[in-house]
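Worksheet for the structure shown next.
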Amino acid sequence: MKIAIITCADHPQGVSEDQPLFMALKQAQIDFHICIWNHPHDWSQFDVCLLRSVWDYHEKPADFIRWAQTTSKVCTLLNPVDVIEWNRDKKYLKELSEHQINIAPTIWLTKQTNIQLYAEIIKLPKSKTYFLKPTIGADSSGTFRFTLNTIDKAQTHLNQWLDKQDMILQSYLPSVESYGEVSLIFIGNQYSHAIRKIPVAGDYRVQDTFGAKDMPHQPSEKETQIAYAVNHFIINKFKKLCYARIDLLIDHKNNAVINEVELIEPSLFFHHKKDAANTLVNAVSSKLYYKR
């Protein structure tokens, strides 16, 4: 078996958090190579292309989808291309909401349209703070937190981004600053572990690139319920997945809501679960029936 670990040009050797995965592959005596997704390779030489740190895909979404579609014709792509096509745009949250899975109150803003923020805000539940983000993005790119006092700056930000992207307008959930964001991680369709990410004081960005901390987490019943509901939904939709990370926030009414579902290139926080990397290796090894 030969595996390509798919990364991006900014991380040509992969990322440090995937070191437990590389060690597990070596221990399993699986031949693997770390490959940059948009560099020339003969992808047909690999049994599996395992997406990991493709953290620039949102900057080149059309190119990335073309690459995924082409590559999936000659080897197994994990997660599969139909999963990538669905998950790359946060409009999948609409579908979850339509199936009675709670998301934060959201207004969808279409690119290249004239949107006046104040007229949209009044459609949301009343809040002191609001939040903008692009429907295709990663690592908090294009996000903007604002109040009515800073709505002019938010309008400028929105105008700049709407020129090229559909956007999301939401009521800001301040619990992210104290309680943080909870992530439940599923590998091979089965629950593996959970973590909680807490940003630096006053910030909302929960990525470690912005100084946030992560820790093991025992999910509450309400967190477990909604994450399992999402996992059940995506399994029914796509059958077996290699991995999934379901990110949750706590809303104004103390309910758990889905923030994002990460099926393309999520950090899986192997360092918080001893056997998680081995579990992923086993899941990858069992997915060869996807192959051409």
Is there a path of hydrophobic side-chain contacts, each under 4.5 Å between heavy atoms of I/L/V/M/F/W/Y residues, joining [Y] to [X]?
| X | Y | result |
| --- | --- | --- |
| Y172 | I151 | no |
| V83 | I234 | yes |
| W161 | L109 | yes |
| L162 | I136 | no |

Return yes if some donor-acceptor pair links the side-chain N/O of [X] with the main-chain N/O of [Y] below 3.5 Å, else return no.
| X | Y | result |
| --- | --- | --- |
| N87 | E262 | no |
| D166 | K111 | yes |
| Y204 | G180 | no |

Atom pair [atom1]/[atom2] of [X] and [Y] - distance to nearest 0.5 Å:
| X | Y | atom1 | atom2 | result |
| --- | --- | --- | --- | --- |
| C242 | F186 | SG | CZ | 14.5 Å |
| L25 | H33 | CG | NE2 | 11.0 Å |
| Y228 | I246 | OH | CD1 | 9.5 Å |

### Message
Would R205 and F210 count as a cation-pi pair here, with the cationic atom under 6.0 angstrom from the ring centre and within 45° of the axis?
### Response
yes

### Task
Assess R245 against F269: is NZ or CZ under 6.0 Å from the centre of the six-membered ring, and within 45 degrees of the ring's axis?
no

### Task
Begin with the C-alpha distance, continue with both residues' side-chain angles, and end with the deciding distance and a verdict on salt bridge (Lys or Arg N to Asp or Glu O under 4.0 Å) for E223 and R196.
CA-CA 12 Å; E223 290 167 345; R196 188 156 58 97; over 6 Å; no

### Message
Checking H41 now: which residues fulfil ring pair (Phe, Tyr, Trp, His ring centres under 6.0 Å) with it, not counting sequence neighbours?
### Response
W43

### P174 vs H252 side-chain heavy atoms within contact, under 4.5 Å
yes

### Message
What I want to check is whether the side chains of Y191 and T224 have a donor and an acceptor closer together than 3.5 Å.
### Response
no

### Message
Under the rule for salt bridge (Lys or Arg N to Asp or Glu O under 4.0 Å), what residues qualify as partners of K133, not counting sequence neighbours?
### Response
E260

### Task
Report the C-alpha separation of K237 and D82 in whole Å, then their side-chain angles, then the decisive distance to 0.1 Å, and conclude whether the salt bridge (Lys or Arg N to Asp or Glu O under 4.0 Å) test is met.
CA-CA 10 Å; K237 187 175 183 69; D82 56 340; over 6 Å; no

### Query
Salt-bridged, D275 to K273, with N to O below 4.0 Å?
no

